[in-house]
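Both ligands and their constituent atoms are indexed starting at 1 by order of listing.
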Amino acid sequence: MATYNDLAELLFPEITKTIEDLEKEYPERSLPEGAQVTRFAPSPTGFLHTGSLFTAYIAYTFAKQSQGVYMFRLEDTDTKRTIAGSADELIDQLEEFGIIADEGYFANGDKGAYGPYQQSARADIYKTVIKHLILEGKAYPDFCSAEELQKIRDFQEANKILPGYYGPYARDRKLTVDEQIEKIKAGTPWVIRYKSNGDHNKKIKFKDSIRGELELADNDVDIVIMKSDGLPTYHFAHVVDDHFMRTTAVTRGEEWIPSTPIHIQLFRDLGWKAPKYAHLPVIMKLDHGNKRKLSKRKDPEAAVSYFLKAGYPARGLLVYLMSIANSNFEEWTITNKSLDVSKFTFSFKKMALDGALFDENKLNYFSKEVIAATPKEELFKAVKEWASKNSESLLKKIEMDEEYFSKIINIEKDRPNPRKDYAKYSDIEPATWFFYDEDFAKHDALPFDEKFDKDFLKAFLGEVADKQLYNATESEWWNSVKELAAANGFAVSNKDYKANPEAFKGNISAAAELIRIAVTGQKDSQNLHEVIDILGEERVKARLKSAI
Ligand code: GLU
């Protein structure tokens with residue numbers, strides 16, 4: 001009578017290592033107490049999803065704030081769905097957010113002692129563990145064809161039985177080793193299944209770092225652990241990889257909650273300690289009053305590239321994501337105006353459960369704060385870098401005169417409450433067009449109030465052109481505007497104006513507005529004193545003259 005050993009050798013003759021060898025090769029890490037080992041484990045099946053950025057960011061943050069290790073593991077066992085080049089794109093985009101792995105798969109080779117970090121390169125590791133399970137009688141080859149599996153399902157459906165390959169419906173579970181060997185030798189295709197010892201009528205409990213204790217039905221399905229292509233399924237690879245990479249905390253999407261009993265069972269049967277689990281909420285969107293998942297097809301904001309192209313600063317998006325992640329974060333931002341989010345202590349306990357809602361207004365709010373808090377030089381560099389990749393017209397303007405451009409985007413920066421004009425770099429051009437003569441020349445009719453007749457406007461603007469102060473402090477300049485206004489029939493004090501509006505052409509802001517319209521072509525603009533200062537005497541005079 002053949003033994004498990006015969007079977008194991010027949011299935012995996014090339015595997016000579018044992019599970020003990022692997023334990024030695026990938027020893028427990030010596031890290032400071034409390035240090036967490038986390039990973040982001042995407043499949044290279046396309047672009048970086050906003051939800052994936054969230055997942056990666058949380059894993060990264062949790063590792064970093066505990067002086068731990070953050071890994072990037074490429075889950076590329078689904079060869080049919082793999083898209084060439086997408087892994088490197090994921091890494092590049094994460095890098096734009098500063099989410100750089102301590103260990104993991106990189107385009108130019110692995111980094112770290114717990115690799116390979118690409119599942120397709122780990123086949124021998126999985127096979128070593130599977131061979132071990134075969135030897136222990138805890139896994140077996142299954143020879144069912146697709147049609148035979150369908151027959152089992154049809155029978156279950158017709159008889160209203162829970163579907164699945166389990167218990168009495170796990171056909172090949174009952175084969176003897178002799179029968180198994182005979183089929184293998186006959187060349188019947190096989191997969192490897194795990195022999196579950198679970199009971200579906202029993203509950204299994206586990207602790208989720210976000211949701212607390214969860215209780216789910218135990219798994220009794222003999223799941224496939226190795227596919228016919230020799231690669232593992234997700235369930236098995238997760239358990240093996242996170243054990244031998246010595247992951248302490250698995251942060252993954254909540255869609256994995258229902259399969260966690262399978263994972264716990266595998267950890268237990270292999271005699272390994274399961275990591276902590278944190279199942280993250282999915283990012284949702286409000287669509288006509290209904291909550292739904294961000295959809296790759298319908299929502300441009302489902303792709304991280306959308307934000308990068310629009311010129312959201314990476315930190316703006318991270319700050320926003322942290323506000324979704326932790327309910328106490330917004331309060332923290334009030335006392336931490338620089339918005340250095342790396343100083344915030346993230347906690348799973350403060351995580352909302354009911355599906356984080358994507359809110360563009362809130363993103364814009366935080367992003368404006370971030371841009372406003374970015375030092376001048378840094379902002380200039382970031383905008384130029386963005387423009388060089390995304391906006392030819394803006395880049396042209398920047399290159400025309402870098403200092404001029406830097407002044408423009410940094411108007412009213414050096415104050416306790418700096419201006420917040422831009423949520424993203426693509427907002428800059430529409431808000432600063434008038435600084436550039438070529439664009440200014442194309443302005444519409446100047447929007448002066450009809451109550452001022454042409455002769456008056458000419459006279460007033462003429463006087464401004466002669467007497468307007470340049471290179472003056474804001475208060476000197478403002479005094480000169482007041483003088484000009486008073487000499488032309490405007491009220492200098494609001495109180496005077498309110499007491500007797502008929503006696504004046506308008507109040508002081510009405511006078512300033514006329515100047516603003518003449519030099520910017522519009523009624524609203526950034527701080528007029530700074531605008532005039534940046535435009536400079538020559539340009540301002542030319543504009544006033546042309547208005548006249
Ligand atoms: N490749 C899996 C996914 O993209 C990883 C889940 C996990 O983090 O374990 O959903």
In ligand 1, which numbered atoms sit nearer than 4.0 Å to a non-hydrogen atom of [X]?
X   : answer
E75 : 1 (N), 2 (C), 5 (C)
S43 : 1 (N)
R39 : 7 (C), 8 (O), 9 (O)

### Task
State whether K389 and E385 are salt-bridged, where the test is any N-O pair (Lys NZ or Arg NE/NH1/NH2 against Asp/Glu carboxylate O) under 4.0 Å.
yes

### Query
Do E14 and K127 sit within salt-bridge range, that is, some charged N less than 4.0 Å from a carboxylate O?
yes

### Message
So for A41, does at least one of its heavy atoms come nearer than 4.0 angstrom to any atom of ligand 1?
### Response
yes

### Message
Is F40 close enough to touch ligand 1? Criterion: a residue heavy atom under 4.0 Å from a ligand atom.
### Response
no

### Message
Ring-plane angle category for F12 and W190, please: parallel below 30°, perpendicular beyond 60°, tilted otherwise.
### Response
perpendicular

### Task
Find out whether the Lys NZ or Arg CZ of R73 is both under 6.0 angstrom from the six-membered ring centre of F40 and within 45° of the ring's axis.
no

### Query
Which residue supplies the protein heavy atom nearest to atom 9 (O) of ligand 1, what is that atom called, and how far is it?
Y234 OH, 2.4 Å

### Message
Starting from atom 10 (O) of ligand 1, what is the nearest protein heavy atom, named by residue and atom, and what distance separates them?
### Response
W256 NE1, 3.2 Å

### Matching residue for H243 among H238, E23, K273 - test: side chain to side chain donor-acceptor pair (under 3.5 Å)
E23

### Query
Are side-chain heavy atoms of M284 and F358 found at a separation under 4.5 Å?
no

Nitrogen or oxygen of [X] less than 3.5 angstrom from that of ligand 1:
X    : result
H238 : no
R73  : no
R252 : no

### Task
Assess the pair F307 and Y312: is the distance between their ring centroids shorter than 6.0 Å?
yes

